[in-house]
Amino acid sequence: MVEIKLTNTRTRSKERFAPIDPQNVRMYLCGPTVYDRAHLGNARPVVVFDVLYRLLRHVYGNDHVTYVRNFTDVDDKINASALARQQSGDPRPLEELIRERTEETIGWYHADMDALGALRPGHEPRATDYIPQMIAMIEALIAKGHAYAAEGHVLFDVRSFPAYGRLSGRSVDDMIAGARVEVAPFKRDPMDFVLWKPSSDEEPGWASPWGRGRPGWHIECSAMSAALLGESFDIHGGGIDLQFPHHENEIAQSCCAHPREDFARVWLHNEMLQVEGKKMSKSLGNFFTVRDLLDQGIPGEVIRYVFLMTHYRKPMDWTAEKVREAEGHLGRWRAVIGSSYLPSTPDPEVLEMLADDLNTPAALGRLHQLSNDITTGDPNDRPRLTAQFIASARVLGLLEPGMGSWADSITDSPDITAAVERLLSLWMDLRRQKNFERADTLKNEADRLGVRFRVTPSGAAVDFVRPSDSSRWGKDLLRGLADLEAQQES
RNA sequence: GGCGGGUUGGCGGAGAGGUUACGCAGCGGAUUGCAAAUCCGUGAAGACCGGUUCGAUUCCGGUACCCGCCUCCA
């Protein structure tokens, strides 16, 4: 069996992974707060943990991995957007507007993450479906002396949990010294955090022993992971920005509520994302959602490849150059494999690299070698090598059958293919007539449209090369081809 | 201020205390009417200053610069 090693943020070291129960490996990933389209940064952990999920499924068996990723659908930003809609004239009650907003956002999220080739987790719980479990957990924390009610709030008492701060390597005293947070007067300690807070009439609320209110940010992950994975489980993941306070607080809540259990054994954190060397932010104008990129014509598989080019524990820089490179590689690989498919098993080296703390950049490097072996090796080996290459790529979620359509989607349009074929045969005629001047002009014009003519031993062929600014490629292409045909006739 | 991450060839990006990463781009060649694609070959590196060592880009210490978290942002 492949030995998986993972860098555990909790111990700050790379450890051999040994599941509590190999028959049921359990993993929890902090999912999105559903108030808007997922941006590129949201997508990184999804892709990273999708690779881990695929690897675990390969090693332990598809039916022996439980993957949970939550939707946080109770949040002040959701409330604010629903309230804004109501104030701009929508007559419906706030609860309905909130529900509509979160439903819509979850739909977007699914569509966008599907486009990246991320497998759906086995469970995608919504926070609002686990309010009773959260209340029960808060009650248990109060009963055990780790939390206290004050002015309609319930707060976690960080001084009651000596290990508070261990995950993120901070001490409560240091944090207070450097804190920039305004401290509510009812807090016993400035670092105490909210488990439950009161709701006004404009805010969604649930009945509780402390009055009508809603849960604090962190408790939903503690409650849902316990409900779906148990009080001890194997892996907990998320972005490094969640390490503090979110994950620290999850640990405090879960470990105090279930003191005999371990909560999550391995903590994995992906580093953050940058865009062209800078932090992605709305003010810098380099902020975009996954959907923005898909709409620009960048295929989800290409986005995924770009993510995998950087190791998950390093900051990743999103650049146009990487998109170009990724697109080139995937196009080439798809050409190498053609439409062939044979069942196979992944290359052991690829597995070994992934098992070594998810070294996806090294695994991609190995895939390049495998791809070269196919084209340069013994032709008799080709089917076997191709099958293994595909199986290897699929552990990374690449070269999946459903994701290849981008490579030839442009040819789905009968108008375009017909026009291209007419021009291509005209080009071949001109070449046969040795009218190279006209042939070259035609070829260059077509090239500018992203249609590249070439000669192969078996006749003429065409490649579609997506221009860098391709948001309206399909439309422009058809018009461009028509113009070109008219030009040829004149 | 506190805590954490990073710095590898023109670019992206790994591993390894001594031996080719890999890819892109470049260059030379094959092929082509010219190209493209493909194939063959090829140069190029490890921020800076010390230390350990027979030997460090790889280990240790320091400096510089970059980035993140400490604000319900993944």
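So that the names make sense, note that chain A is the first sequence line, chain B the second, and so on, each numbered from 1.
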Next item on the list: Send over the distance from Arg313(A) CZ to U7(B) C1', rounded to a whole Å.
Entry: 16 Å

Check: Mind checking the P distance from G4(B) to G13(B)? Whole angstroms is fine.
Finding: 25 Å

Next item on the list: Name the residue closer to the 5' end of RNA chain B, choosing between Glu321(A) and Val194(A) according to the nucleotide with the nearest heavy atom.
Entry: Glu321(A)

Notebook entry, point to check: NE2 of His269(A) versus C1' of G6(B): gap in Å, rounded?
Noted result: 18 Å

Next item on the list: Just do the side-chain contact (heavy atoms from CB on, under 4.5 Å) check on Leu116(A) and Met113(A) with the steps written out, would you?
Entry: CA-CA 5 Å; Leu116(A) 299 182; Met113(A) 297 308 120; 4.1 Å; yes

Checklist line | Which residues share a salt bridge (charged side-chain N to carboxylate O under 4.0 Å, His left out) with Asp157(A), sequence neighbours left out | finding: Arg188(A)

Please enumerate all protein N or O atoms sitting under 3.5 Å from an N or O of nucleotides 26-28 of chain B, with distances to 0.1 Å.
none

Notebook entry, point to check: Contact class for Thr375(A) (heavy atom, under 4.0 Å): base, sugar-phosphate, or nothing?
Noted result: sugar-phosphate

Margin query: Less than 4.0 angstrom from a charged side-chain N to a carboxylate O is my criterion; do Arg366(A) and Glu349(A) meet it?
Written below: yes

Item checked: Distance between C1' atoms of C27(B) and A64(B) (Å, rounded) -> 36 Å

Note to self: Can you list everything that forms a side chain to side chain contact (heavy atoms under 4.5 Å, CB included) with Arg126(A)? Sequence neighbours excluded, please.
What the structure shows: Phe71(A), Asp73(A), Arg99(A), Thr102(A), Glu103(A), Ile106(A), Thr128(A), Asp129(A)

Check: What's the CG-P distance between Asn286(A) and C67(B), to the nearest Å?
Finding: 13 Å

Notebook entry, point to check: Quick one: what's the B/S/- string for nucleotides 12-21 of chain B, heavy-atom cutoff under 4.0 Å, read 5' to 3'?
Noted result: SSSS------

Next item on the list: Using atom types as modelled and distance alone, determine if a side-chain donor or acceptor of His329(A) lies under 3.5 Å from a backbone N or O of Glu327(A).
Entry: no

Next item on the list: Could you check how far CG of Leu370(A) sits from P of G23(B), rounded to whole Å?
Entry: 12 Å

Check: Around Arg166(A), counting heavy atoms of other residues, nucleotides and ligands shown, do more than 12 lie under 6.0 Å from its CZ?
Finding: no

Checklist line | Between U71(B) (P) and His218(A) (NE2): distance, integer Å | finding: 10 Å

Checklist line | Arg101(A): partners by salt bridge (charged side-chain N to carboxylate O under 4.0 Å, His left out), with sequence neighbours left out | finding: none

Check: Just checking, is any N or O donor in the side chain of Thr441(A) or Asn444(A) under 3.5 Å from an acceptor N or O on the other one?
Finding: no

Notebook entry, point to check: Using the purine O4'-C1'-N9-C4 or pyrimidine O4'-C1'-N1-C2 torsion, is G46(B) syn (within 90° of 0) or anti?
Noted result: syn

Next item on the list: Using atom types as modelled and distance alone, determine if a side-chain donor or acceptor of Glu301(A) lies under 3.5 Å from a backbone N or O of Leu399(A).
Entry: yes

Margin query: Check this for me, if you would: do Glu15(A) and Lys5(A) make a salt bridge, where the nitrogen-to-carboxylate-oxygen distance has to be below 4.0 angstrom?
Written below: no

Notebook entry, point to check: When you compare C24(B) with A14(B), how far apart are their C1' atoms, in angstrom units rounded to a whole number?
Noted result: 15 Å

Margin query: From the set C24(B), A74(B), G23(B), return the single nucleotide nearest to any side-chain atom of His368(A).
Written below: G23(B)

Notebook entry, point to check: Is it true that Asp317(A) and Lys322(A) make a salt bridge, defined as a side-chain N closer than 4.0 Å to a carboxylate O?
Noted result: no

Next item on the list: Would you mind classifying the nucleic acid contact of Asn372(A) as base, sugar-phosphate or nothing, using non-hydrogen atoms under 4.0 angstrom?
Entry: sugar-phosphate

Next item on the list: Rounded to whole angstrom, note down the P distance from C39(B) over to A74(B).
Entry: 43 Å

Check: Gln274(A) has an atom CD; how far is it from atom P of A74(B), in whole Å?
Finding: 18 Å

Which pairs of donor and acceptor atoms, one on a side chain in residues 426-434 of chain A, lie under 3.5 Å apart (sequence neighbours left out)?
unit_1: Trp427(A); atom_1: NE1; unit_2: Ala439(A); atom_2: O; d: 3.3
unit_1: Asp429(A); atom_1: OD1; unit_2: Arg432(A); atom_2: NH2; d: 3.0

Next item on the list: Assign a letter to each nucleotide of nucleotides 30-37 of chain B from its 5' end: B, base within under 4.0 Å of a protein heavy atom; S, sugar-phosphate only; -, no contact.
Entry: ---BBBB-

Item checked: Option passing side chain to side chain donor-acceptor pair (under 3.5 Å) with His218(A) (candidates Glu248(A), His246(A), Glu250(A), His247(A)) -> His246(A)

Note to self: I'd like to check the side chain to side chain contact (heavy atoms under 4.5 Å, CB included) partners of Arg454(A); sequence neighbours left out, ordered by chain and number.
What the structure shows: Thr456(A), Ala461(A), Asp463(A)

Note to self: Test of understanding: with side chain to side chain contact (heavy atoms under 4.5 Å, CB included), list the residues that count as partners of Ala257(A), not counting sequence neighbours.
What the structure shows: Met137(A), Leu141(A)

Margin query: Say we look at G46(B) and A56(B): how far apart would their C1' atoms be, to the nearest angstrom?
Written below: 11 Å

Margin query: Nearest whole Å is fine: how far is A74(B) P from Ile303(A) CD1?
Written below: 18 Å

Next item on the list: Starting at the 5' end of RNA chain B, write a dot or bracket for each base, bracketing those in Watson-Crick or G-U wobble pairs whose two distances are under 3.5 Å and using | for partners on another strand.
Entry: (((((((..(((.....[...))).(((((.......)))))....(((((..]....))))))))))))....

Next item on the list: Enumerate the residue pairs fulfilling salt bridge (Lys or Arg N to Asp or Glu O under 4.0 Å) with a member in residues 33-56 of chain A, sequence neighbours excluded, ordered by first and then second residue.
Entry: Arg37(A)-Asp112(A), Asp50(A)-Arg54(A), Asp50(A)-Arg304(A), Arg54(A)-Glu400(A)

Check: Say you pick atom C1' in U8(B) and the same atom in C48(B); how far apart are they, in whole Å?
Finding: 15 Å

Next item on the list: Take atom C1' in C49(B) and the same atom in A37(B), then report the distance between them in whole Å.
Entry: 50 Å

Notebook entry, point to check: When rounded to the nearest Å, what value does the distance between P atoms of A21(B) and G6(B) take?
Noted result: 22 Å

Item checked: Polar pair under 3.5 Å, donor/acceptor by atom type, side chain His39(A), base A74(B) -> yes

Checklist line | Pair Lys14(A) + Asp357(A), salt bridge at N-O below 4.0 Å | finding: no

Notebook entry, point to check: Looking at RNA chain B, which of residues 237-254 of chain A put a heavy atom within less than 4.0 Å of it?
Noted result: Gly238(A), Gly239(A), Asp241(A), Leu242(A), Phe244(A)

Notebook entry, point to check: Between atom CZ in Phe71(A) and atom P in A74(B), what is the gap in whole Å?
Noted result: 13 Å

Check: Side chains of Asp192(A) and Tyr148(A): do they bring a donor and an acceptor to under 3.5 Å?
Finding: yes

Next item on the list: Would you indicate what Leu29(A) reaches in the nucleic acid, counting non-hydrogen atoms under 4.0 angstrom: base, sugar-phosphate, or nothing?
Entry: nothing

